[in-house]
Protein chains: 2
Amino acid sequence: MEWTIQELATRAGISSRTLRHYDRVGLLAPSRVGANGYRYYDPTAVARLQRILIMRQLGMGLPAIAKVLADEVDTCDGLRAHIAALEEERDRIERQIRSVRHTLEALQAGAEPRMDVMLAGFNDLYKDEVISRWGERAFQVSNDWWHGKTLDQQLAWKQDTEDLVAAWVAAARAGISPTSARAQTLAARHVRWLSEIPGTPTADGKREQSIAMVKGLGDMYVDDPRFAGMYEDAAGAAFVRDALHTYARTQM
Amino acid sequence: MEWTIQELATRAGISSRTLRHYDRVGLLAPSRVGANGYRYYDPTAVARLQRILIMRQLGMGLPAIAKVLADEVDTCDGLRAHIAALEEERDRIERQIRSVRHTLEALQAGAEPRMDVMLAGFNDLYKDEVISRWGERAFQVSNDWWHGKTLDQQLAWKQDTEDLVAAWVAAARAGISPTSARAQTLAARHVRWLSEIPGTPTADGKREQSIAMVKGLGDMYVDDPRFAGMYEDAAGAAFVRDALHTYARTQM
DNA sequence: TTTGACCTTGACGCTGCGTCAACTTCTAGC
DNA sequence: GCTAGAAGTTGACGCAGCGTCAAGGTCAAA
């Protein structure tokens, strides 16, 4: 008793292309190949196909199925691993949904695109900075802090940020020195603003690291394209950087 | 103020390959291309990249992002559509998980692989049959019936099925006629067994269709590779088929 | 001028097949 | 015996979003 590729495919509800694919990837070889190259399948092959289709219907990948069929992995273990992977994926999507909802609400609440861009850019940049210098955990803390805020709190924080930036721009325009009292007052405010974010060295009271971070941040405002234009122009960013450097050197 | 591909990529935390890819797919063109072919990006391009990366981080696909950036779709609408897609996906995975858990429990409870194969095969086959002959709805009903059963009930049903098959094999081995009283008793039991499945014509009391289904099922036991060996051999399957045909003709 | 870093285009790989394309083989009717 | 049509074969592109060589041109510093 044996069947041609089409007979088997039709009965199994799949395409002959799929069977050829399974043959090519070594998942299911035909029991016999005629001198003409035709593939023929016997009941043993059909049984194997059964198992393949069951696992496939459960969403397992072909390599994982192959391992189970090759007896490298126990069927139960394979399924358990698959469940774990599925749960992981589900949780990831769940987080994704919350994140998108959050963004959508913020957008609807009137947060302008540029605002959003600025903050997201800050977050991203901050992420890289924090991860590379103080490890992944610190980023996790401040990230949770941000996403744990209510919409009102986020908007309020955005407002604070905008005010601070506006003050910097005004000071830079005024042509005063970065070492002047007014600039240093702004620098102090900037550092306080930073310290609101938990998980940062400034918030954690680590002096050496705080200084390094404040200086590094100043440099980034100048060098990083993502902050381009944040302080109006290159001169504005340089002003902020110089003021922050001076503050870090003399007041921290 | 402009940056080379590498400068921008490093700051943005992506690869230069990604930027080239975005250029190729028309998502983000460099603001200027030198005579040497080098790509250069200005602050406008950086801002656009910002928006792209934000949406990408939210899990949106590049084509969807392109539509939003091209103002074909409102940002909020894009996000809403994305949320809907994510929720769909999450629900799908959720169903997937339940299904795999179910299978795993059945397997651990001692259902042997061959049993599982046999029943899954039956379900699949039955699905094709029912869908093609009585429409999708009927399949839905019987599928829900199966998945609505508790594990114990499923195992009990499997046991019934096994007993029935064993009885058929014994009768076929005994060399009796398919029209004999013993064979016809088995056929009656087979039809009762079938009628337990809701949504089938037998369960619904549709006489003409019941007869057609019982006969068709008998034919399938012989012709379909997925039932190969279920009744031991071709002779066994033929015996069942003949008995069912006789029963359908004379008793239904 | 050399070296090394950075730029370019081109192309394969991954997942699981769908979908032509081009060609050979089998089957059935006249 | 011939021919049409159904079914078989291999080969290759496409899909999402890049990672990853490969081969070669350009640029900046020593």
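Keep in mind that this is a model prediction, so the values were computed, not measured. Note on naming: letters A, B, ... go to the chains in the order of the sequence lines (proteins, then strands), and numbering restarts at 1 for each one. All values below were derived from every heavy atom in this structure, side-chain atoms included, with hydrogens, water molecules and symmetry-related copies excluded.
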Any side-chain heavy-atom pair of [X] and [Y] under 4.5 Å:
| X | Y | result |
| --- | --- | --- |
| B:Y38 | B:V33 | no |
| B:V100 | A:M60 | no |
| B:E88 | B:I83 | no |

Note to self: Would you compute the distance between atom CD1 of B:I65 and atom CZ of B:R56 and round it to the nearest 0.5 angstrom?
What the structure shows: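 It is 8.0 Å, given to the nearest 0.5 Å.
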
Notebook entry, point to check: How far does CZ of B:R101 sit from CD of B:Q96, to the nearest 0.5 angstrom?
Noted result: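 Spacing of CZ (B:R101) from CD (B:Q96) equals 12.0 Å.
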
In this structure, how many angstroms lie between the [atom2] atom of [N] and the [atom1] atom of [X], rounded?
| X | N | atom1 | atom2 | result |
| --- | --- | --- | --- | --- |
| B:L19 | C:dC7 | CG | P | 10 Å |
| B:I65 | D:dA16 | CD1 | C1' | 12 Å |
| A:M60 | C:dC17 | CE | P | 14 Å |
| B:H21 | C:dT9 | NE2 | C1' | 15 Å |
| B:L28 | D:dC18 | CG | C1' | 15 Å |

Margin query: Does B:G34 reach a base, just sugar-phosphate, or nothing at all? Heavy atoms under 4.0 Å.
Written below: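 No contact.
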
Next item on the list: May I ask you to say what B:Y22 touches in the nucleic acid, namely base, sugar-phosphate or nothing, with a heavy-atom cut-off under 4.0 Å?
Entry: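 Sugar-phosphate only.
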
Note to self: Taking 4.0 Å as the cut-off, does a side-chain nitrogen or oxygen of B:T18 come that near to OP1 or OP2 on D:dG19?
What the structure shows: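 Answer is yes, contact under 4.0 Å.
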
Margin query: With a cut-off of less than 4.0 Å, is there a side-chain N or O of B:S15 near OP1 or OP2 of D:dG19?
Written below: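 True: B:S15 side-chain N/O within range (under 4.0 Å) of D:dG19 OP1/OP2.
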
Item checked: Contact letters for nucleotides 4-13 of chain D, in which S counts primed atoms plus P, OP1 and OP2 and B counts the base, heavy atoms under 4.0 Å -> ---BSBB-B-

Give me the distances for all protein-to-nucleotides 28-30 of chain D N/O pairs that come in under 3.5 Å?
none

Next item on the list: For B:L62 and B:H21, run side chain to side chain contact (heavy atoms under 4.5 Å, CB included): C-alpha distance rounded to whole Å, both residues' side-chain angles, the deciding distance at 0.1 Å, then the answer.
Entry: CA-CA 11 Å; B:L62 300 194; B:H21 183 62; 4.1 Å; yes

Any donor and acceptor pair, going by atom type alone, linking the side chain of [X] with main-chain N or O of [Y] inside 3.5 Å?
| X | Y | result |
| --- | --- | --- |
| B:S31 | B:Y40 | yes |
| B:T18 | B:I14 | no |
| B:R90 | A:E89 | no |

Check: Can a salt bridge be assigned to the pair A:E87 and A:R92 using a cut-off of 4.0 Å between side-chain N and carboxylate O?
Finding: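 Salt bridge between A:E87 and A:R92, a charged N being under 4.0 Å from a carboxylate O: no.
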
Check: Between A:D23 and A:R39, is there a salt bridge with N-O shorter than 4.0 Å?
Finding: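 Salt bridge between A:R39 and A:D23, a charged N being under 4.0 Å from a carboxylate O: yes.
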
Check: In degrees rounded to 10°, what angle is found between the helical axes fit to the five outermost pairs at each end of the helix from C:dT1-D:dA30 to C:dC30-D:dG1?
Finding: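 One end axis against the other gives 40°.
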
